Structures are given as C-alpha cells and as structure tokens.
Amino acid sequence: MSIAVIRNMDTQGRIIIPADIRKETGIRIRKCMPRNTGSKELRDFLEPLYKNIRCGLAISNTDCILASKGCYLQEGAQITEELRSLIEEGREMFSQSGICPPVPDCSRKVAALFPITLAWASKKAALLLIPESGRNLSDAECNCTRLIANMITRKYKQND
C-alpha cells in the first residue's frame with residue numbers, strides 16, 4: 001500500500017483522515033459516549049456490594065456500561081446487542097451457565113440481571129452480576145444484588 005497525502009494540522013493538533021484512507025487501512029472511528037454525571041453515585045452503590053460478594057458488578061443502560069466494579073468494564077463501553085435486548089425486556093434473569101457477555105470480546109458472561117430505574121438516564125437499565133468463569137452464584141449473593149437494585153431504583157424514582 002502506498003498512500004501519500006499531505007494534510008495540515010489545525011491549531012489544536014487535529015488532522016482529517018480522508019474516508020478512503022480510513023477504509024483502506026481499516027481505521028475505525030466512533031463517537032465517544034459522554035461521561036455520565038451519575039456514575040460516581042452508581043459506583044458508590046457497587047462498592048459495598050462488591051466487598052460482600054466479591055463478584056464482578058456493572059450497571060448498564062441500553063447503550064453502554066455506566067459503572068462497574070470487579071470486572072474491568074470501562075465506563076462508556078458499548079454493550080452487546082444480546083444484552084441490550086435483555087435489558088429492554090425489563091425482567092429479572094438468572095443463569096449459572098451465563099446469559100451473555102456484557103461487551104463484545106469479553107470472556108466473562110452476565111450470570112444475573114436485575115432491572116433498575118434511572119430517571120436521569122431516561123433509558124432502561126440493569127444491575128449485572130458478572131462472576132469469573134466457572135463460579136456459581138449463591139442465593140444470598142443474588143438476594144443482596146436484588147436489594148441494591150431496589151435501592152437504586154428507589155433513590156432515582158424519588159428524585160424524579
């Protein structure tokens with residue numbers, strides 16, 4: 001491949017990469033999701049739960065991960081289509097073998113999904129349990145997570 005194009009840099013150090021060059025070189029550019037103003041509060045809900053159950057946790061709306069603890073999911077990461085449709089259903093789900101991966105190319109699967117209401121997000125959302133592969137969840141862990149999901153919904157419904 002031999003592409004030579006001269007481009008000027010603007011005062012902020014930006015350049016434009018033409019579409020034909022992006023296509024030929026396989027460069028993908030996507031819009032970044034803005035950081036959520038409520039993500040710190042959401043992480044504050046996850047912290048005590050994680051200390052007690054030591055299982056990966058995440059809160060996601062139908063677009064992206066809003067907050068996570070113990071599973072290294074980046075805030076703003078796009079979720080899988082399968083998870084999106086499950087969150088839109090708005091019902092509680094549980095599977096020891098795992099329901100689906102939370103984000104593309106993730107080796108861990110969501111084992112439990114608890115619907116939550118986030119009035120400020122204006123979208124359906126869920127609290128997710130994402131254990132390490134091969135780890136079974138106990139009833140107590142699911143009940144604790146259900147309790148936190150209810151607390152989140154109660155808090156954000158009151159602020160509505």
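When a residue number appears, it is its place in the shown sequence, counting from 1. Keep in mind that what you see is a predicted model, and the values were worked out from it rather than measured.
Minimum interatomic distance between E92 and R146 (heavy atoms only, all atoms of both residues): OE2-NH2, 2.6 Å. Looking at every heavy atom in both residues, D63 comes nearest to R84 through O-NH2, 3.6 Å. In terms of heavy atoms, N8 sits closest to I15 at O-CG2, 3.8 Å. When all heavy atoms of I87 and N61 are compared, the pair lying nearest together is CD1-O, 3.6 Å. Smallest separation of non-hydrogen atoms from Q12 and D10: N-OD1, 2.9 Å. Of all heavy-atom pairs spanning F114 and C142, the tightest one is CZ-O, 3.6 Å.
Heavy-atom contacts from other residues, nucleotides or ligands closer than 6.0 Å to CG of D44 number more than 12. Atom CD1 of I16 has 12 or fewer heavy atoms from other residues, nucleotides or ligands within 6.0 Å. The neighbour count for E132 CD, taken as heavy atoms of other residues, nucleotides or ligands under 6.0 Å away, does not exceed 12. More than 12 heavy atoms of other residues, nucleotides or ligands sit less than 6.0 Å from atom CD of Q96.
To the nearest 0.5 Å, atom CD1 of residue I79 and atom OG1 of residue T62 are 6.5 Å apart. With values rounded to the nearest 0.5 angstrom, I116 atom CD1 is found 14.0 Å from R154 atom CZ. Note: C64 SG to L73 CG = 11.5 Å, rounded to the nearest 0.5 Å. Rounded to the nearest 0.5 angstrom, K155 NZ and E41 CD are separated by 4.5 Å. Here the CG-CG distance, from L66 to L42, works out to 6.0 Å after rounding to the nearest 0.5 Å. A distance of 4.0 Å separates CG of L86 from CE of M93, quoted to the nearest 0.5 Å.
No donor-acceptor pair closer than 3.5 Å links the side chain of T117 to the backbone N or O of T153.
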Enumerate, atom names and distances included, each donor-acceptor pair closer than 3.5 Å involving a side-chain atom of residues 46-57, sequence neighbours excluded.
unit_1 : atom_1 : unit_2 : atom_2 : d
E47    : OE1    : K69    : NZ     : 3.3
N52    : ND2    : P48    : O      : 2.8

Return a table of donor-acceptor pairs under 3.5 angstrom between the side chains of residues 98-111 and protein atoms on other chains or two or more places apart.
unit_1 : atom_1 : unit_2 : atom_2 : d
R108   : NE     : P131   : O      : 3.3
R108   : NH2    : I130   : O      : 2.6

Check: Please walk me through it: do L127 and F45 pass side-chain contact (heavy atoms from CB on, under 4.5 Å)?
Finding: CA-CA 10 Å; L127 175 53; F45 277 106; over 6 Å; no
Check: Can I148 and I152 be said to form a side-chain contact (heavy atoms from CB on, under 4.5 Å), step by step?
Finding: CA-CA 6 Å; I148 296 297; I152 292 169; 4.0 Å; yes
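Y72 and I59 end up in different hydrophobic clusters when Ile, Leu, Val, Met, Phe, Trp and Tyr side chains are linked at under 4.5 Å.
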